[in-house]
Protein chains: 2
Amino acid sequence: MDSMDGFDVMNPQCPSRVVLQRLGDKWTPLVFQSLKDGTRRFGEIRSDIGAVTPKVLTQTLRTLERDGLITRTIYPEVPPRVEYALTRLGSSLLGPLDAVREWAEANAGEVLASRDAFDDAL
Amino acid sequence: MDSMDGFDVMNPQCPSRVVLQRLGDKWTPLVFQSLKDGTRRFGEIRSDIGAVTPKVLTQTLRTLERDGLITRTIYPEVPPRVEYALTRLGSSLLGPLDAVREWAEANAGEVLASRDAFDDAL
DNA sequence: CGGCATCCGGACCGATACTG
DNA sequence: CAGTATCGGTCCGGATGCCG
């Protein structure tokens, strides 16, 4: 569509906006954090993250697989084993996502304090 | 103060998880993009982003103000004028958010292609 | 101009139970 | 172990209309 080669999130019609939103959903950053050191199994991701139900985790993983960010490998064994790993594309997202995560951890205190101050002023 | 860095997104109870989620909501990255070059008025942000209703934009801006990421300055004039700007804390988030935005713009094509391929396989 | 009030639909999320 | 099925709730986000 665009004669230009680039996507622009400031354009309401640009697909990059949809992509950007996906990256910001509730569990995506946490899944990436779990997978950043290599292949992990479903149960491992689940316990890494904690407090996520199987259904929602499956949904998240399926979406990421569909978007080409992770791979899903099934081993036909008993008991079944399924392993997840970042694709090359997914790995390239690790840096950006990590930057946001680190900011959140580093500044959560300040945000919370600001929130309290704001609420007290009401 | 905690001797350790206290906050860890992989801990379900950690407040940083809430903060991380806020950063990923639908309009936050776009507001930051609009404010990155300096102070802007409500209408300017609105037209920068496009396709966002006043109500939702107001909600987003209030939340960001409450979290200490932007300032809101009202000028008692007729017609009224309200200006928004990033705080120091907000500015420190500009880099991380920009990294994700750039990734989205650079790789949206690949994500879309992967999505199509995945859907065709069904 | 920059909101706020109201209503509303649907996406997202979760608890629980069950299965190959 | 790694999901699927079902049901239900919340809440985000949008449309519309009014106000100082």
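Per chain, numbering begins at 1; letters A, B, ... match sequence-line order.
- In this structure, CZ in Phe32(B) is found 11.0 Å from CD1 in Ile45(B), a value given to the nearest 0.5 Å.
- Residues passing the side chain to side chain contact (heavy atoms under 4.5 Å, CB included) test with Ser92(A) are Leu89(A), Trp103(B), sequence neighbours excluded.
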Please write out each protein N/O paired with an N/O of nucleotides 13-15 of chain D under 3.5 Å, distance rounded to 0.1 Å.
unit_1, atom_1, unit_2, atom_2, d
dG13(D), OP1, Lys26(B), N, 3.4
dG14(D), OP1, Lys26(B), NZ, 3.0
dG14(D), OP2, Trp27(B), NE1, 3.4
dG14(D), N7, Lys55(B), NZ, 3.1
dG14(D), O6, Lys55(B), NZ, 2.1

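- Ala99(A) meets the side chain to side chain contact (heavy atoms under 4.5 Å, CB included) test with Pro96(B); sequence neighbours excluded.
- Judged as a side-chain hydrogen bond (donor to acceptor under 3.5 Å, both in side chains), the pairs with a partner in residues 109-119 of chain A (not counting sequence neighbours) are, in order, Glu110(A)-Arg88(B), Arg115(A)-Asp67(B), Asp119(A)-Arg66(B).
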(request) Check the pair Leu61(A), Phe42(A) against side chain to side chain contact (heavy atoms under 4.5 Å, CB included), reporting the backbone distance first and the verdict last. (result) CA-CA 9 Å; Leu61(A) 292 169; Phe42(A) 185 86; 3.8 Å; yes

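- In this structure the side chain of Tyr84(B) reaches within 4.5 angstrom of the side chain of Val82(B), judged on heavy atoms.
- Each side-chain hydrogen bond (donor to acceptor under 3.5 Å, both in side chains) pair with one or both residues in residues 24-38 of chain B, not counting sequence neighbours, appears once here: Asp25(B)-Thr28(B), Gln33(B)-Arg101(B), Ser34(B)-Asp48(B).
- No donor-acceptor distance shorter than 3.5 angstrom exists from the side chain of Thr39(B) to the backbone of Ala85(B), with no hydrogens or angles considered.
- In this structure, the separation between OG on Ser16(B) and CG on Asn107(A) is 11.0 Å, given to the nearest 0.5 Å.
- By the side-chain hydrogen bond (donor to acceptor under 3.5 Å, both in side chains) test, Glu77(A) pairs with Arg81(A), sequence neighbours left out.
- The overall bend of the helix from dC1(C)-dG20(D) to dG20(C)-dC1(D), read as the angle between its terminal helix axes built from five base pairs each, is 50° when rounded to 10 degrees.
- Residues of residues 30-47 of chain B that place a heavy atom closer than 4.0 Å to DNA chain C, in numerical order, are Arg41(B), Phe42(B), Gly43(B).
- Partners of Arg72(B) according to the salt bridge (charged side-chain N to carboxylate O under 4.0 Å, His left out) rule, which considers only residues two or more places apart in sequence or in another chain, do not exist here.
- For the atom pair CG (Leu69(A)) and OG (Ser91(A)), the distance works out to 9.5 Å, reported to the nearest 0.5 Å.
- In this structure, Thr87(A) contributes its side chain and Thr71(A) its backbone to no donor-acceptor pair below 3.5 Å.
- The stretch residues 10-19 of chain B has no heavy atom under 4.0 angstrom from DNA chain D at all.
- Scanning residues 61-86 of chain B for heavy-atom distances under 4.0 Å to DNA chain D yields Pro80(B).
- Scored by the salt bridge (charged side-chain N to carboxylate O under 4.0 Å, His left out) test, Arg41(B) finds no partners at all (sequence neighbours excluded).
- Taken from OG1 in Thr60(A) to CG in Leu30(A), the straight-line distance is 9.5 Å, to the nearest 0.5 Å.
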